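As C-alpha cells, the structure follows; a few thoughts come after it.
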2 protein chains.
Amino acid sequence: MQTNHSISVDCAVFGFDGRSLKCLLIKRDGQDLKLPGSLISDEEDIPSAAYRVLEEMTGLRDIFLKELSVFSNPSRVGDKDLEWINHFYNVHTTRVVTVAYYALVKLDNKIMSHTREKEALWKDVALITTLAMDHKDILNKALSMLSRDMTHSPIAFELLPRKFTIRELADLYKAVLGVEIDNRNFRKKIIGCGYILPTGEKEKGVAHKPAEYYIFDKNRYRREEKKIQKLNFINWNE
Amino acid sequence: MQTNHSISVDCAVFGFDGRSLKCLLIKRDGQDLKLPGSLISDEEDIPSAAYRVLEEMTGLRDIFLKELSVFSNPSRVGDKDLEWINHFYNVHTTRVVTVAYYALVKLDNKIMSHTREKEALWKDVALITTLAMDHKDILNKALSMLSRDMTHSPIAFELLPRKFTIRELADLYKAVLGVEIDNRNFRKKIIGCGYILPTGEKEKGVAHKPAEYYIFDKNRYRREEKKIQKLNFINWNE
DNA sequence: TTTCTTAGCGTATTTTTTACGCTAAGTTTG
DNA sequence: CAAACTTAGCGTAAAAAATACGCTAAGAAA
C-alpha cells in the first residue's frame, strides 16, 4: 500500500473596499492566477502553515481564518502544475492534497502596500473567472461558506475598519449576500443587538448627512451570547 | 523540504436508539477504543475513503456523511500508535494527518447485526471517556457540529426510521441538544413546516394513546426551501 | 373502574419582523 | 443662496412567529 502524499494549504483571503468583495490572488510564473498557498512541512500543523502563508502575503499575524474543507481529487493537480510544484519546492511528489481555508482582513493602507510589494492583487470576486488547478472550486466554496457564516456569526467586522457606519455594514451585507436591505429596519436590528456601540464620532466630507461611527464590542457580544437560551432552536432553512 | 505525509480518514458514526445518541467504536488489538478509520491510498480521494470505511463497518452505501475538519498536530499519533499503524498497514510513516467526518445512520436490525459481526460496538456518547490518539477530540468536535447542523438543516431524519412519531423526533432533539421541548408547540412547528407528512398509520402496543407515524418528504422540503426568501437573514446567535 | 401517560387541538400573550412615513443634516446644483 | 438631492435616523402600525398553557382523547396498567 502506497500512502504517502504531499499536503498543502490554500487560502481564499477576502477583503472589502466599501463597494465589493475582493479576493487576494497571486501570479504563478507571471501567468496563471492562483490562491496563496504552500506545502506543509513535517514540523508544522496545518493551521500553522495557513497562518505562515497569510503572514507572508499580508504581513499580519492575527487574521480571522477558518477551514473550508479538503480538496483531494487525485487529478486536481495536472502534470504541468505538478511539475511547477516539484520545481518550486524542490520535491518529488505525484499527488497533492490541499486543505482550503478562507481568511478575512481589513483593507487598510498597511496591508495594501504589503500585498503590492508581494505583487499580489485584490480582484473583485465577481470578476474572477478562472484560476489555476481547482482554485476556482475552492473560491466558490469559500464564498458560500462566507455567506453562511456572515448570517450566523458576527464576522462581518473582520472585514470592516474598527470604526464603521451602519451604512458600511449594510453595504457589506448587500455585496456579499446580494440582498436588498431596508435602511430603517437594519439600523433597528443593529443598534438593538446591544454590542454594536456608537463612538460619538461622525463621518466627514460625505455628500449627505454624516453618519455616526460604531464599533463592535466583542466582549459584550460574548456576554450577550451566553445570556441567550434559544428555545426556538429549530430553523431548518438556514 | 520534507513534505510527504500519510493521510487517513476517521469517522464518528452516530445512531439513535430512541433513548440516547450512540457512536460506533472499534477495538484496536482488543484493547483501546477508536473511531473507524483508514489510511487513504493513492487512487482514491478522501471522501471515497470515508465511504469505503463506512461500507466496511456498516454494510451500507448511502450514508449521510460530512467533513468535520483536519486533525494535523504532529504529535497527535504517539509512538505506540505509529507502530501499530505501520504494522497494520505495512507502511513506514512518521506522521499521520487525519481528515475527520461524522456520519448518521438508522439503527435498524440490518446494521446492528453487521456491526456485531465486525465486533464494533455502539456506545452511548455520554459514556465515552477516553479514545485512542486524539479521537476523543474528534468526537467532541463531531458532537458540536452535529448539534449545530441539526438545528439548521433537517438531518435528524437520517437518524430516525423512515416512519417516526413526533415524540420520537422530539426525543432525538432532547437527547442531542439537551433541551426541554414543549410537546404542543413542537407539534405545531413540525406539522406546520409542510414537508413532514402523516402516514395514517399508528403506533401499536404502547402504554398510552398511540401516535401517528410521519415521514419526511425530501422533495417537498427542497421545494419549500426554494420558496423561502429570508429577509430576516441576520441572526448572529446561531 | 380508576389512574397514568402521551397524543393532539386550541387560544391568548408576547416577541420579532416587516412595511413604510417622516424629519434632519449635510453636499451639490442652478 | 435657495432648491434639489442623498443618506441618517426616529417612529408607528401591522403581520408573523414564538411561547405559555388549558383541555380532551385514547390507550395500557393498576
Side-chain angles (χ1 to χ4, degrees), chain A residues 18-19 151-152 160 163-175 177 179-215 224-225 227-238, chain B residues 18-19 151-152 160 163-175 177 179-215 224-225 227-238:
Chain A
R19 302 196 154 275
T151 62
H152 294 319
L160 293 175
K163 296 177 183 179
F164 53 86
T165 67
I166 293 183
R167 171 177 39 82
E168 288 171 326
L169 182 60
D171 285 346
L172 172 56
Y173 273 96
K174 286 184 212 163
L177 304 182
V179 291
E180 280 308 297
I181 293 179
D182 180 277
N183 153 25
R184 298 156 293 187
N185 291 330
F186 186 76
R187 304 186 90 71
K188 236 178 298 181
K189 182 143 192 165
I190 295 305
I191 291 167
C193 78
Y195 42 80
I196 296 178
L197 307 177
T199 61
E201 288 176 63
K202 300 216 166 188
E203 277 183 314
K204 275 170 192 163
V206 285
H208 52 76
K209 177 172 174 180
E212 183 159 11
Y213 283 115
Y214 286 75
I215 55 163
E224 297 284 328
E225 197 185 25
K227 273 193 219 157
I228 293 161
Q229 239 206 348
K230 257 224 167 174
L231 293 175
N232 158 31
F233 54 93
I234 298 179
N235 202 336
W236 289 331
N237 291 296
E238 301 202 353
Chain B
R19 302 196 154 275
T151 63
H152 295 317
L160 293 174
K163 296 176 183 177
F164 52 87
T165 66
I166 293 181
R167 171 176 40 80
E168 287 171 325
L169 182 60
D171 285 346
L172 172 55
Y173 273 96
K174 286 185 214 165
L177 304 182
V179 290
E180 281 306 299
I181 292 179
D182 180 277
N183 153 25
R184 297 156 293 185
N185 291 330
F186 186 76
R187 306 186 88 71
K188 238 178 297 182
K189 181 142 193 168
I190 295 305
I191 292 169
C193 78
Y195 41 79
I196 297 178
L197 309 176
T199 60
E201 288 176 64
K202 299 217 165 186
E203 278 183 312
K204 277 170 192 165
V206 286
H208 52 77
K209 178 173 175 178
E212 183 159 10
Y213 283 114
Y214 285 76
I215 55 162
E224 298 284 328
E225 198 185 21
K227 273 192 222 160
I228 294 162
Q229 238 205 347
K230 258 223 165 174
L231 293 177
N232 157 32
F233 54 92
I234 298 179
N235 201 334
W236 289 332
N237 291 296
E238 301 206 347

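The shown structure was predicted, so the numbers you read here are calculated from the model rather than taken from an experiment.
Taking the side chain as every heavy atom from C-beta outward, B/Ile166 and B/Ile191 approach each other to under 4.5 Å.
Distance from the side chain of B/Arg167 is smallest for C/dT6 among the nucleotides D/dT12, C/dT6, D/dC21. Listed nucleotides C/dG8, D/dA8, D/dT12 differ in distance to B/Asn183; the shortest reach to its side chain belongs to C/dG8. When distances run from any side-chain atom of B/Asn185 to the nucleotides D/dT7, D/dC21, C/dA7, the shortest one goes to D/dC21. Among the nucleotides D/dA28, C/dA7, C/dT27, the one closest to any side-chain atom of A/Ala207 is C/dT27. Here C/dC9 is the nucleotide among C/dC9, C/dA19, D/dA20 with the atom lying nearest to any side-chain atom of B/Ile191. Comparing C/dA7, D/dA8, C/dG10 by their closest approach to the side chain of B/His208 singles out C/dA7.
The interatomic distance linking A/Ile166 (CD1) with D/dT6 (P) rounds to 21 Å, in whole Å. The interatomic distance linking B/Asp171 (CG) with C/dT5 (C1') rounds to 13 Å, in whole Å. With rounding to whole Å, B/Asp182 atom CG is found 13 Å from C/dA7 atom C1'. Remark: P of D/dA25 and NZ of B/Lys202 are 14 Å apart, rounded to the nearest angstrom. The distance from atom CZ of A/Phe164 to atom C1' of D/dA8 is 16 Å, rounded to the nearest whole Å. Atom CZ in B/Phe186 sits about 14 Å away from atom C1' in C/dA7, given to the nearest Å. Spacing between atom CG of A/Leu169 and atom C1' of D/dA8 amounts to 15 Å, rounded to whole angstrom units. Between the OH atom of B/Tyr214 and the C1' atom of C/dA7 there is a distance of 9 Å, given to the nearest Å.
The phosphate of C/dT17 has OP1 or OP2 within less than 4.0 Å of a side-chain N or O from A/Lys189. In terms of phosphate contacts, A/Arg184 brings no side-chain nitrogen or oxygen within less than 4.0 Å of OP1 or OP2 of D/dA8.
Although no hydrogens or angles enter the test, the distance criterion places no donor-acceptor pair under 3.5 Å between the side chain of B/Glu212 and the main chain of B/Lys202.
Counting distance only, with no hydrogens placed and no angle test, the side-chain atoms of B/Lys188 and the base atoms of C/dT11 include a donor-acceptor pair under 3.5 Å.
Between A/His152 and B/His152 the shortest heavy-atom distance is CE1-CE1, 4.4 Å. Across B/Val179 and B/Tyr173, no two heavy atoms sit closer than the pair CG2-O, 4.2 Å. Nearest heavy-atom pair, B/Ile181 versus B/Ala170, reported as atom, atom and distance to 0.1 Å: CD1-O, 3.6 Å.
Here B/Arg187 lies in heavy-atom contact (under 4.0 Å) with a base.
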